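Numbering of ligands and ligand atoms starts at 1, following listing order. The structure presented is a predicted model; accordingly, all values stated were derived computationally and were not measured. FYI, side chains are in, hydrogens and waters are out, and symmetry mates aren't considered; it's all heavy atoms of this structure.
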Amino acid sequence: MAERGKQTVRDLRRGSRSTLLQRLYFEGPLSRQELGQISGLSAGSVSNVVGELLADGLVEECGSVESDGGRPRILLQVPPGRAHLVGVDVGETQVRVALFDLGLTELAASDHPLSDCGHDFDHVVELILTGLAEVLRTTGTDPATVLGVGVGVPGIVEQGEPGTDGQGIVVHSQTVDWDAVPLGRMLRAGTDLPLYVDNGAKTLGQAEMWFGAGRGARHAVVALFGSGVGACVIAEGARFRGATSSAGEWGHTKVHVGGRLCRCGSRGCLEAYVGAEALVERWGRAPEGSSEKAGLAALLAAAEAGEEDAVALLAEAAEYFGAAIADLINLFNPERIVIGGWAGLMLGPRLLPAIRDAATAYALRFPRAQTSIDLGLLGPDAVTVGAATLPLWHFLQSGGELPARMAAAAAAG
Ligand SMILES: [Zn+2]
């Protein structure tokens, strides 16, 4: 029983650290008084925990504000330079690795187009490890200051047993032909850094919810519109995962029974009609040998110039997309729908009014009236930012737990 009591005290302390660290991270700079008011912790607890966080270097003083008639209040914040994060986007056409400070300011990035090897997983792992070494080298960053590497992948991610250091992470992706790829074990062979892997649409969703167009919403869907189409469903403020993490495979919902062949092998999927790859293929007039992005940009330019087939194709895409959003509205009753991903941001300014109209035409009136539909705010590289939020989330939830090497360096320094 004594052991259990001790555990509980430690858990409580960790919980308080986590609460204050999160408040300071997302809402800082804040004074101790403000922290007490918004966290519900007593002044004594706030003072103790802040003292610990200051001693650990996880919080710093950053000026003061006058208070009514009393002493000036000292402001506190999480120092952005205290640690680093790495985010990796294994996209449809390239692997992007970016190094961020703790405030998620990008310090360096490395882009490697996927060559003829496509999504051959040995090749992808090699590109991730090469990119990781590059961003650390070009910025002169000590790997011991990196909290972890988050990786967003185009597939369903099985997390494996907790505490296995990422070794159990397995990825399933029918669209890129990954059948139970042991990504965790393969990456572990090339780096000692803590590893976190999740579906790219889910990492994008987390980034938009924390820092972008989803901020403040409790019920939302963040749609990833790129080569393929995916979604991150946020219910009660948390990402909805389903039994084995595959919830949100919206791109493979059916819009046409017996319709176009999809990359997943099935027919009539949303992605087979509105994914960037499908749009460029259906248009069929992109310049020979151009990339998918260049092809989609050419399609958009043709529509802007009034070419009839391009105008018609994009109008039809907006209707499919809006109808599919109506399904999300009817199924999940979100207060907000955010459209992100490079293709969504490229086509969004032209298509958004038609997408909204189609959603209105196809959704039930009552839930549609409660839902706003907007574009993401974090740009086309939001998956990389989202991937970096995976180690960041672990750090905040754990109350500022540092990887062993970093903790040892802090104790010695
Ligand atoms: Zn499909």
Student: Grab the two heavy atoms, one from Gly259 and one from Tyr273, that are nearest each other, plus how far apart they are.
Tutor: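 Looks like CA-OH, 3.4 Å.
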
Student: If you look only at distance, which donor and acceptor atoms sit under 3.5 Å apart when one is on a side chain in residues 346-357 and the other is two or more places apart or in another chain?
Tutor:
from   : atom 1 : to     : atom 2 : distance (Å)
Arg356 : NE     : Ile373 : O      : 2.9
Arg356 : NH2    : Ile373 : O      : 2.9
Arg356 : NH2    : Asp374 : OD1    : 3.0

Student: Show every donor-acceptor pair shorter than 3.5 Å between a side-chain atom in residues 122-131 and any protein atom, with sequence neighbours excluded, or say none if there are none.
Tutor:
from   : atom 1 : to     : atom 2 : distance (Å)
His123 : NE2    : Ser115 : OG     : 3.2
Thr130 : OG1    : Glu126 : O      : 2.7

Student: Answer yes or no: is there a donor N or O on one side and an acceptor on the other, between the side chain of Gln397 and the main chain of Ser18, under 3.5 Å?
Tutor: no

Student: Among side-chain atoms of Ser42 and Ser45, is any donor-acceptor pair under 3.5 angstrom?
Tutor: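 Short answer, yes.
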
Student: Below 2.8 Å, which protein N, O or S atoms neighbour the Zn ion (ligand 1), ignoring water?
Tutor: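 Atoms qualifying: His252 ND1, Cys262 SG, Cys264 SG, Cys269 SG.
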
Student: Without placing hydrogens or testing angles, list every side-chain donor-acceptor pair under 3.5 Å for residues 232-242, not counting sequence neighbours.
Tutor:
from   : atom 1 : to     : atom 2 : distance (Å)
Arg239 : NE     : Gln206 : OE1    : 3.2
Arg239 : NH1    : Asp198 : OD2    : 3.0
Arg239 : NH2    : Gln206 : OE1    : 3.3
Arg241 : NE     : Ser245 : OG     : 3.4
Arg241 : NH1    : Asp198 : OD2    : 3.4
Arg241 : NH2    : Asp198 : OD1    : 3.1
Arg241 : NH2    : Asp198 : OD2    : 3.1

